[in-house]
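What you are looking at is a predicted structure, and each value in this text was computed from that prediction instead of being measured. Ligands are counted one by one from 1 in listed order, and the atoms in each one are counted from 1 as well.
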Amino acid sequence: MRFFIDTADLDQIEEAKDLGILDGVTTNPSLMAKSGITGAKNIEDHYKRICELVEGDVSAEVIATDVKGIISEGEYLAGLAPNIVVKVPMIKDGIKAISYFSEKGIKTNCTLVFSPGQAILAAKAGATYISPFIGRVDDINWDGIALIQDLAEIYAVQMFETEILAASIRNAKHIVDAARAGADIATCPLHTILGLFKHPLTDIGLEKFLADHAKANS
Ligand code: G3P
């Protein structure tokens, strides 16, 4: 499983990169706004900075919702850096645009996927990635991890090449469960990645090793 970080915050991207386990970045308009990045020029510069920082794929989301607008915005974003992936919403015009991008060899991430039917459409259109939002599925008392399992099964049976990028990950358990369910990638806020480290027995064990070493060497 690959790890992307789900943020537009450069310090957090840097911290995840320093761990040596970062494979890419996803952003969305909410995350850009949360980091205080507003205005076309600032947004463009920010994407360029992220792409310089990280070698892997960086998802940049379009704002347009009509096919012409998605295509022109997506081509512009794709031109900013070679590792930009155009993030397109799961709507009719989005699927048309993904088909177009796929023919042109432009990588895409189909976002706001909540059902197997939507995932099939995105794969048929040639999306590079789909982003099922598991936390938001859980929020409405459905099962986000069961959705990942369904998608992984369908994509395997049908031999679709689209990769499952589990998104809207809220805790470390989501990452582990998404890995078991067959997600190719998990895109996570930094705190959920750091949550994977935590185990009380590791802390207790390390404290004892260090204390024993100090006692034996004093
Ligand atoms: O990758 C999608 C993510 O940013 C949405 O997360 O927690 O707002 O559902 P959340």
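- Against a heavy-atom cut-off of under 4.0 Å, R170 is close to the following atoms of ligand 1: 7 (O), 9 (O), 10 (P).
- Using a cutoff of 4.0 Å between basic side-chain nitrogens and carboxylate oxygens, R180 and D177 are scored as salt-bridged.
- Under 4.0 Å from ligand 1, not a single heavy atom of T26 appears.
- Clustering of Ile, Leu, Val, Met, Phe, Trp and Tyr by side-chain heavy atoms under 4.5 Å joins F209 with none of the others.
- Of all the atoms in ligand 1, the ones that sit under 4.0 Å from a non-hydrogen atom of R136 are 5 (C), 8 (O), 9 (O), 10 (P).
- There is no side-chain donor-acceptor pair under 3.5 Å between S59 and T26.
- For ligand 1 and D6, the ligand atoms under 4.0 Å from any heavy atom of the residue are 1 (O), 2 (C), 3 (C), 4 (O).
- Those atoms of ligand 1 that come under 4.0 Å of a heavy atom in F133, given as number and element, are 2 (C), 5 (C).
- Looking at K104 and E75, no side-chain N of the basic residue comes within less than 4.0 Å of a carboxylate O on the acidic one, giving no salt bridge.
- Annotation: atom 6 (O) of ligand 1 to nearest protein heavy atom, S168 CA, 3.5 Å.
- Side chains of N171 and H191: no donor on one and acceptor on the other come within 3.5 Å.
- Using a cut-off of 4.0 Å between Lys/Arg side-chain N and Asp/Glu carboxylate O, D184 and R2 are scored as not salt-bridged.
- On a distance-only criterion, T187 and ligand 1 share no N/O pair closer than 3.5 Å.
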